[in-house]
Enquirer: 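Below is a structure I'd like to ask you about.
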Amino acid sequence: LNQSKSLVLLKYQGKDWHGHLKICDGMCEFFPVRFVSHSAPELAVDVYIHARRVGGHMVLAVFSPYWIINKTSRVLQYRAEDTHVKHPADYRDIVLFSFKKKNIFSKNKIQLCISTSTWSNSFSLDTVGSYGCVRCPANNMDYLVGVSITMSSFNLTRIVTFTPFYTIANKSSLELESCVFLVLQCLPFWPENSSGELCVRVVGYESSSKPFLFKAQDNGTLLKLEELNGGLLVDVNVSEHSTVISFTDYHEGAAPALIVNHTPWDSLRYKQSGLQEEMELKPRQVCLFAWTDPTKPRKLTWGYSQCFGEHDLLKDDCGQFPYNANTQIHWVSFLDGRQRVLLFTDDVALVSKARQAEELEQPDQEINLSIHSLGLSLVNNENKKEISYIGITRYCPWKCKYLMHHFIVSQIKLYLGCVSLYLQVNFSKSPMEMRLPVRCSIRRNFLSGIQVEFKQSPHQRSLRAQLYWLQVDNQLPGSMFPVVFHPVAPPKSIALDSEPKPFIDISIITRFNEYSQSKLIQQDLDALNTELMESSLTDVSMLSFFEHFHISPIKLHLSLSLAAGGEASDKGEEMIAIHSLNLLLKSIGATLTDVDDVVFKLAFFEIKYQFYKRDQLRMRVIRHYSEQFLKQMYVLVLGLDVLGNPFGLIRGLSEGVEAFFYEPFQGAVQGPEEFAEGFVIGVRSLLGHTVGGAAGMVSRITGTVGKGLAAITLDEEFQQKRREEMGRQPKDFGESLAKGGKGLLRGVVGGVTGIITKPVEGAKKEGAAGFFKGIGKGLVGVVARPTGGIVDMASSTFQGIQRVAESTEEVSNLRPPRLIREDGIIRPYNRVEAEGYDLFEVCSAL
């Protein structure tokens, strides 16, 4: 200690840099060190030192707050208050960058300049994991620079990468050029105007391709190259921080359509809708069609004799029109492999064969797999306790129809061959009938926990997978959330009049063709494909056509707490230094980080009639739901328990008002009795959500305050018992009052007796130091525990009011925790032993 050390930064930007560091007591955790070069004294590099003690040693880590990487191939400049750095275009290594503020954690923003542009707006370099685009205005254009920010593996340096927003990649076998530069492999592209259109040409040829749009997502557009009598495929992939324009060789199926005139009489006239240029296809001929102007609406207009039509060349379709009094011309659009075919013919048999992949067929193979229930138990062998239970369960209720109303009969045990005095049923009658206690028809609804159906026919393959109920239980005692994950049951008004729905339902139908277009006009197609595919370098093995890909809307309920759950673990000596910080987080921070029943609504995702590779589709799905989450982050703030979850209150009121109008309207459609029933349900829902929402808001605020008071007591055992008690959901309002009264009594008694018991317990564990700690805990507890008991009582009371008003049904654990005996052997689950063990644990906690 109290020593001065010299540091040398070797070979950074071709120079050695020297700095000095003084090591002494009371060093800050983070502080800057300046390095200078003897060959260029006017230049300096600022880095930071992270000092920390590990045991009896001091570890010093030298780091730069930011690494900046320039991939734009242009000169970049960075500016912030009193810092200005120039980043050469040809410098491929990282640039060490830091702000000159003394506080490294202060809000830091920079401005960017590229080439001859002016300075951009200020933006932050601290948003790790974010991607974006920075606009740098110039005289006649705007430079768009993509920015990505990631964290280094040692979690001290942020890696900032600047890339051109537009990049052109030539993956074809042709040497291409645009109006600005030569396209060889992969180069940055800086548009000089805002039209959003681009055209290319092959080196050595005069004519260029038709323009195409490069600012919108495009999964493949075929550009005609007239002089080469061929085509070039362009693909535009747009993301938040970049747009990649890729050129590839033509491959089979890349053309928008293969037009076949399979008639012997007239020529077929066709063109792109809205354009004047018209083409002609003679009888018994075939040709590939590419859009005349890819920037215009993409529809094909055709004419045959005196008849005309239009098609978008996306979906399967068919039609017919008269050629004369005795002849009908049929047209059909279908997929042959990856190629869209538009066929005109008078042969009905050929049309039927072309459409056979569309029509539903009787399967010649069928496999059904049904699993009633499935469970997975996670056990900790060291402490001999079950940690979690993951269960997939079946659905098997009885539904009764009585006086035109449907209701679920729950908790009825039917024993075949036995007739009870209170329950009489007739299973042999169709439909089945219950005679006592009421006479009505009964029906058994059954859904397996897992149901898989696979069917295959000559031209179709279908897969249907269903999972009815998936639940994850936390089996540790005193957990904040005993049920970690479970589906949310639909409202009663919907569940009574609808069939049960599985939690996950996946349906996939794949169509494929066995026929080949070679049976139509073999010689013409062979010549055409030979001409276009001589040097194809494109791998399209994973390219698939999605006629309809749909993911239904997702509604996610999220509850989160950073408070410790389960049994407290022993703390090591290294944790003593930050004990006060943990206390602060528990008493204040935990209050600000608890949310209850926050709802995320994610919109559906859908694509129709598109070719996609698997990676492209996966990235689109991820981007869609990432944007949905980011747009709804406000619900986390409005869902904080410290604010009483105002988002939940507003959502409850809206649901109540909706039910007040919706339920009577639905009933009026069915009849007068149903209208009265719907009106009662609507009024009950409105009042329930209003009263229950207000009570729930107060309950959450008081519960959060009680949690903070419990943390102040510094008594882990008391906090554990409180968590266990608050985690048990009361069955009714009376039990809520009893629960609150018990909490108040426990707080008062524990606070008074703690003045004596805590010093004694501390002396037994830690001697004299523990005795004085116990005195402090006892003095704090004599105030905090009774106060917390009063707050918890209010929280339990308002929680009971909410449950009564909203008539909510809590989801309980699928089964009690497994009993593991002293020998540690995992035996088959015994429910009687588990229930007895669970009862013993509950009694021990009292």
Side-chain angles (χ1 to χ4, degrees), residues 1-13 15-38 40-69 78 80-85 87 93-110 124-130 149-161 562 569-590 592-593 714 769:
L1 295 178
N2 298 320
Q3 297 180 358
S4 180
K5 298 290 183 181
S6 296
L7 302 177
V8 181
L9 183 61
L10 298 174
K11 304 303 179 184
Y12 173 63
Q13 296 185 353
K15 307 179 183 68
D16 291 341
W17 305 75
H18 300 269
H20 297 279
L21 168 66
K22 185 177 182 180
I23 303 175
C24 60
D25 287 328
M27 296 175 61
C28 297
E29 185 177 2
F30 293 94
F31 58 92
V33 173
R34 169 158 291 195
F35 285 77
V36 295
S37 174
H38 298 311
E42 70 280 1
L43 299 179
V45 176
D46 293 323
V47 299
Y48 274 80
I49 306 293
H50 177 214
R52 60 189 179 95
R53 286 189 175 273
V54 179
H57 303 278
M58 177 178 288
V59 178
L60 302 179
V62 183
F63 71 98
S64 175
Y66 305 95
W67 290 356
I68 299 183
I69 303 174
Y78 319 118
E81 293 188 357
D82 53 355
T83 303
H84 187 280
V85 176
H87 199 156
D93 206 349
I94 62 173
V95 166
L96 305 180
F97 182 82
S98 64
F99 295 91
K100 293 185 178 180
K101 296 180 180 179
K102 294 183 178 180
N103 184 6
I104 189 176
F105 299 110
S106 59
K107 294 182 179 180
N108 300 314
K109 292 186 177 182
I110 69 168
S124 174
L125 297 181
D126 297 326
T127 52
V128 176
S130 66
I149 305 173
T150 58
M151 183 64 77
S152 62
S153 59
F154 47 91
N155 295 326
L156 291 174
T157 299
R158 295 168 178 83
I159 303 174
V160 183
T161 305
L562 297 187
S569 59
D570 296 333
K571 297 183 178 180
E573 294 181 359
E574 66 274 6
M575 299 297 292
I576 298 177
I578 59 173
H579 182 75
S580 58
L581 178 60
N582 284 339
L583 172 61
L584 180 64
L585 291 175
K586 288 181 180 179
S587 59
I588 301 177
L592 300 177
T593 51
L714 306 176

Enquirer: What residues, two or more places apart in sequence or in another chain, satisfy salt bridge (Lys or Arg N to Asp or Glu O under 4.0 Å) together with Arg34?
Expert: Asp46
Enquirer: Looking only at heavy atoms, what is the nearest atom pair of His18 and Val8, with distance?
Expert: ND1-CG2, 3.5 Å
Enquirer: For side chain to side chain contact (heavy atoms under 4.5 Å, CB included), just list the numbers for Leu156 and His50, CA-CA rounded to whole Å, side-chain angles, deciding distance to a tenth of an Å, and then say yes or no.
Expert: CA-CA 9 Å; Leu156 291 174; His50 177 214; 4.1 Å; yes
Enquirer: With the side chain counted from C-beta on, respond yes when Val45 and Gln13 share a heavy-atom pair under 4.5 Å apart, and no when they do not.
Expert: no
Enquirer: I need the His38 NE2 to Asp16 CG distance, nearest 0.5 Å.
Expert: 9.0 Å
Enquirer: Tell me every residue that passes side-chain contact (heavy atoms from CB on, under 4.5 Å) with Lys5, counting only those two or more places apart in sequence or in another chain.
Expert: Gln3, Ile23
Enquirer: Under the rule for side-chain contact (heavy atoms from CB on, under 4.5 Å), what residues qualify as partners of Thr83, not counting sequence neighbours?
Expert: Val85, Phe97, Lys100
Enquirer: Considering all heavy atoms of both residues, which atom of Leu125 and which atom of Arg158 are nearest to each other, and what is their separation?
Expert: O-CD, 3.4 Å
Enquirer: Check step by step if side chain to side chain contact (heavy atoms under 4.5 Å, CB included) holds for Ile159 and Ile149.
Expert: CA-CA 6 Å; Ile159 303 174; Ile149 305 173; over 6 Å; no
Enquirer: OH/Tyr48 to OH/Tyr66 distance, rounded to the nearest 0.5 angstrom?
Expert: 9.0 Å
Enquirer: Quick one: list whatever passes side-chain contact (heavy atoms from CB on, under 4.5 Å) with Ser64, sequence neighbours left out.
Expert: Trp67, Leu96
Enquirer: Who pairs with Leu43 by side-chain contact (heavy atoms from CB on, under 4.5 Å), at least two apart in sequence or on another chain?
Expert: Trp17, Ala40
Enquirer: What are the two closest non-hydrogen atoms of Leu21 and Leu60, and how far apart are they?
Expert: CD2-CD1, 3.7 Å
Enquirer: Would you give the length of the straight line joining atom NE2 of His20 to atom OG of Ser6, rounded to the nearest 0.5 angstrom?
Expert: 5.0 Å
Enquirer: For Asp93 and His87, work out which heavy atoms get closest and say how close.
Expert: O-NE2, 4.0 Å
Enquirer: Minimum heavy-atom separation for Ile94 to Tyr12, with atom names?
Expert: O-CE1, 3.7 Å
Enquirer: With sequence neighbours excluded, tell me which residues meet side-chain hydrogen bond (donor to acceptor under 3.5 Å, both in side chains) with His84.
Expert: Gln77
Enquirer: Which atom pair, heavy atoms only, marks the closest approach of Phe35 to Gly19?
Expert: CD2-N, 3.5 Å
